[in-house]
Colleague: 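Take a look at this one; I'll ask things after.
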Amino acid sequence: MLVKSTLVSINHHRRPKRLAKGRAVATIATSEGPADGWIEKLRKRLDPFKVIETEELVRGRSRDTCWRHPLLRKEFDKLFPVAQVLIEPENAHDLRNCIEAISELGVPMTLRGAGTGSFSGACTTRGGVIIDMSKYMLEDVEVDAQRGIARCSPGASLFSVRQAALAVGWDMRIYPTAIPQEGTIGGFIGTSIWGAGSLVYGSLQSPGNFHGIDVMSVTKHSELLSFKDDLQGVDPLNCFLGTQGTIGVISNLEIALSPSISTTSFVFSFPELSTALAFADIVHSTPSIYKIGTAFYEAKSIDSMKNLPHWHTEVPENEHVLVMICGDSAAHPLLSLCKRMNGHLLDSYYTVASTETESSVLPLLFHGGNSLHRSLNHARNATYIRACFYDSDLLRAAIENIKGVHWSVDYVAHDSNTRRLGSSPTIYFANVFFPVEDAESIGKVIEAVRKISPASQIFDPNAVGVHPDLVPNKQLYRELVSQLNPHGLLNPGKSNRLTTVT
């Protein structure tokens, strides 16, 4: 059975093909800059009404929410010069014409989803053209209800994909920890590989989670290539996940779904840090408890968030909070364990997956980290880093010993690419919030984390570009870029951290 809203055609007069094996790896080129008068030439090549120069629109679409990070904000215009032109392709024909015309003129181009991310993925680094994909084939979502697969365009909103899946008894396996109505699936896969559901399914790069993509090359005669999951977790497909659209332009994609289930969101508190972390570890190591997501907030973080509008749960003074989204059958074992460990059940929310709501999950869990950042950022001088811990004892030591910071932690499962870094089945994604004055203050926090946990991967949102640790095969990544983005016109400046790393 195939359920669809509108059929997607990917036959753009050229047959998709796979990456040629054994192709020599070329040096990633960098454009020398477009010639004068390129905007007028672009208008002649394309529909002139689709080449937008309105200053307010172009400036707004050249940004995402990375202005929250003080070091980026301080040099924003220098780091992210505004594009000169905005284009909003609505179908494959528009997109191909746009890519070919811009490529022939040698103009830098930056892909943008809805701009809801905060890692500068949608920001222009060389000006040029901003290509807004949020209107691209918006209604083209197909769900194969027999195979549990959704096919859609990168411009489809996460909300619309979930709606289409939920309508036939399925749901997204992995989705962002905050689901803004307008956020696009292309933006999600371009800037992240983990999310809600990762406790069960690992990352997007884990075998079986991401079925395939069709990608247009950034050349004056654009080719369409197809990449499929080889179920080994090391295929070219994984290079497109989390790499900020630096390889090629995705025109369609297929993701695996999971059966839709009703869940309950539980809010627990514990007076002792070690007990709270131990409770989470026991739950995560119990196979009979189906868990979709877990978030931890240490006591100081709770104090910082209590005055925020969405906060509705009373928390005892100086207690640490765990929020867990679990299957309904988990209620009895969770409550029994909580009682034995001297914890408190503060609240619970029965959540039924629905096509009528933006999200079937508890806002406290998925907006807590963003809200904490906003709370600390009222003075406009706070930032955060993300540190991956692979041992709860090291996480506890860091929380207890690193002073002047606030902690929230998202729990996700190991996947095939990160299991080698630790023996625990869980990755603790610690968000470390703190006031910042300069790069040196960030460096001190990073140094303090690494002193306690040398194996931790550190993600600093004040650094521009793709984090090398998100790319499982950097040689293959460079090979793909050399074929699909040979002149370095696509999202220039975002792959600089990858060109020299082996």
Colleague: Can you name the side chain to side chain contact (heavy atoms under 4.5 Å, CB included) partners of Ala397, sequence neighbours left out?
Modeller: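 Residues passing side chain to side chain contact (heavy atoms under 4.5 Å, CB included) with Ala397: Asn401, Ile452.
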Colleague: Counting only heavy atoms not in Glu400, do more than 12 sit closer than 6.0 Å to its CD atom?
Modeller: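 Enclosed: over 12 neighbouring heavy atoms sit under 6.0 Å from CD of Glu400.
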Colleague: Which pair of non-hydrogen atoms, one from Tyr290 and one from Ile292, has the smallest distance, and what is that distance?
Modeller: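 The pair with the smallest heavy-atom distance is CE2-CG1, 3.7 Å.
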Colleague: Under the rule for salt bridge (charged side-chain N to carboxylate O under 4.0 Å, His left out), what residues qualify as partners of Glu298, not counting sequence neighbours?
Modeller: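 Salt bridge (charged side-chain N to carboxylate O under 4.0 Å, His left out) list for Glu298, sorted by chain: Lys300.
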Colleague: Asn431 vs Ser408, test: side-chain hydrogen bond (donor to acceptor under 3.5 Å, both in side chains). Steps then yes/no.
Modeller: CA-CA 5 Å; Asn431 303 289; Ser408 73; 3.2 Å; yes
Colleague: Applying salt bridge (charged side-chain N to carboxylate O under 4.0 Å, His left out) as the test, list every pair that has at least one member in residues 244-258; sequence neighbours left out.
Modeller: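 Counting only pairs at least two positions apart or across chains, the salt bridge (charged side-chain N to carboxylate O under 4.0 Å, His left out) contacts touching residues 244-258 are Arg151-Glu254.
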Colleague: Would you find a donor on one side and an acceptor on the other, under 3.5 Å apart, between the side chain of Thr243 and the backbone of Gly245?
Modeller: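 Here the side-chain-to-backbone pair does not exist.
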Colleague: According to ring pair (Phe, Tyr, Trp, His ring centres under 6.0 Å), who are the partners of Phe429, at least two apart in sequence or on a separate chain?
Modeller: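 Listed in chain order: Trp194.
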Colleague: Is the shortest heavy-atom distance from the side chain of Cys152 to the side chain of Ile185 under 4.5 Å?
Modeller: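 Of all side-chain heavy-atom pairs linking Ile185 with Cys152, at least one is under 4.5 Å.
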Colleague: Tell me, with the steps shown, if Asn238 and Asn473 meet side-chain contact (heavy atoms from CB on, under 4.5 Å).
Modeller: CA-CA 9 Å; Asn238 282 343; Asn473 188 326; over 6 Å; no
Colleague: How many angstroms lie between atom SG of Cys388 and atom CD1 of Ile427, to the nearest 0.5 angstrom?
Modeller: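 Reported to 0.5 Å precision, the distance equals 6.0 Å.
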Colleague: Quick check on the 6.0 Å ring-centre criterion: do Phe188 and Tyr175 meet it?
Modeller: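 Distance test on ring centres: not under 6.0 Å, no.
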Colleague: Mind checking side chain to side chain contact (heavy atoms under 4.5 Å, CB included) for Ala280 and listing every partner two or more places apart, or none if nothing turns up?
Modeller: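 Side chain to side chain contact (heavy atoms under 4.5 Å, CB included) list for Ala280, sorted by chain: His284, Leu322, Met324, Tyr411.
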Colleague: Taking the side chain from His320 and the backbone from Ala299, do they hold a donor-acceptor pair closer than 3.5 Å?
Modeller: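 Pair found, side chain donor or acceptor close to backbone of Ala299.
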Colleague: Not counting sequence neighbours, which residues clear ring pair (Phe, Tyr, Trp, His ring centres under 6.0 Å) with Phe268? List them please.
Modeller: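 Residues passing ring pair (Phe, Tyr, Trp, His ring centres under 6.0 Å) with Phe268: Phe266, Phe279.
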Colleague: Just by distance, no angles: are the side chains of Gln457 and Tyr390 close enough, under 3.5 Å, to form a donor-acceptor pair?
Modeller: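 There is such a pair (donor and acceptor under 3.5 Å, judged by atom type) between the side chains of Gln457 and Tyr390.
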Colleague: Less than 6.0 angstrom separating the ring centers of Tyr384 and Phe433, yes or no?
Modeller: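 Centroid distance Tyr384-Phe433: below 6.0 Å, so yes.
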Colleague: Only counting residues at least two apart or in another chain, list the ones meeting side-chain hydrogen bond (donor to acceptor under 3.5 Å, both in side chains) with Arg63.
Modeller: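 Per chain and number, Arg63 pairs via side-chain hydrogen bond (donor to acceptor under 3.5 Å, both in side chains) with Asp77.
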Colleague: Under the side-chain hydrogen bond (donor to acceptor under 3.5 Å, both in side chains) rule, what do Thr264 and Asp328 come out as? Steps first, then yes or no, please.
Modeller: CA-CA 6 Å; Thr264 300; Asp328 293 340; 3.0 Å; yes
Colleague: Is there side-chain contact between Val471 and Val466, with at least one heavy-atom pair below 4.5 Å?
Modeller: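 Yes, their side chains come closer than 4.5 Å.
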Colleague: If the condition is side chain to side chain contact (heavy atoms under 4.5 Å, CB included), which residues does Ala256 pass it with, not counting sequence neighbours?
Modeller: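 Expected list: Arg173, His211.
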Colleague: Sequence neighbours excluded, which residues qualify as side-chain hydrogen bond (donor to acceptor under 3.5 Å, both in side chains) partners of Thr191?
Modeller: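 Applying side-chain hydrogen bond (donor to acceptor under 3.5 Å, both in side chains) to Thr191 gives none.
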Colleague: Of all residues at least two apart in sequence or in a different chain, which pass the salt bridge (charged side-chain N to carboxylate O under 4.0 Å, His left out) check with Asp132?
Modeller: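 With neighbours one apart ignored, the set is Arg61, Arg112.
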Colleague: According to side-chain hydrogen bond (donor to acceptor under 3.5 Å, both in side chains), who are the partners of Ser392, at least two apart in sequence or on a separate chain?
Modeller: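 Testing Ser392 for side-chain hydrogen bond (donor to acceptor under 3.5 Å, both in side chains), a comparison that skips the adjacent residues, returns Asp281.
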Colleague: Could you list the residues that satisfy side chain to side chain contact (heavy atoms under 4.5 Å, CB included) with Asn342, not counting sequence neighbours?
Modeller: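 Expected list: none.
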Colleague: Judged by atom type as modelled, is there a donor-acceptor pair below 3.5 Å linking the side chain of Asn485 to the main-chain atoms of Leu490?
Modeller: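 Pair found, side chain donor or acceptor close to backbone of Leu490.
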Colleague: Are any non-hydrogen side-chain atoms of Leu337 and Leu335 less than 4.5 angstrom apart?
Modeller: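 In short, these two side chains do not touch, never coming nearer than 4.5 Å.
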Colleague: Do the side chains of Asp410 and Arg386 get close enough for a salt bridge, i.e. N-O under 4.0 angstrom?
Modeller: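 Salt bridge flag = yes for Arg386 with Asp410.
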Colleague: Could you walk me through whether Ile282 and Met341 pass side-chain contact (heavy atoms from CB on, under 4.5 Å), step by step?
Modeller: CA-CA 11 Å; Ile282 292 172; Met341 300 183 73; 4.0 Å; yes
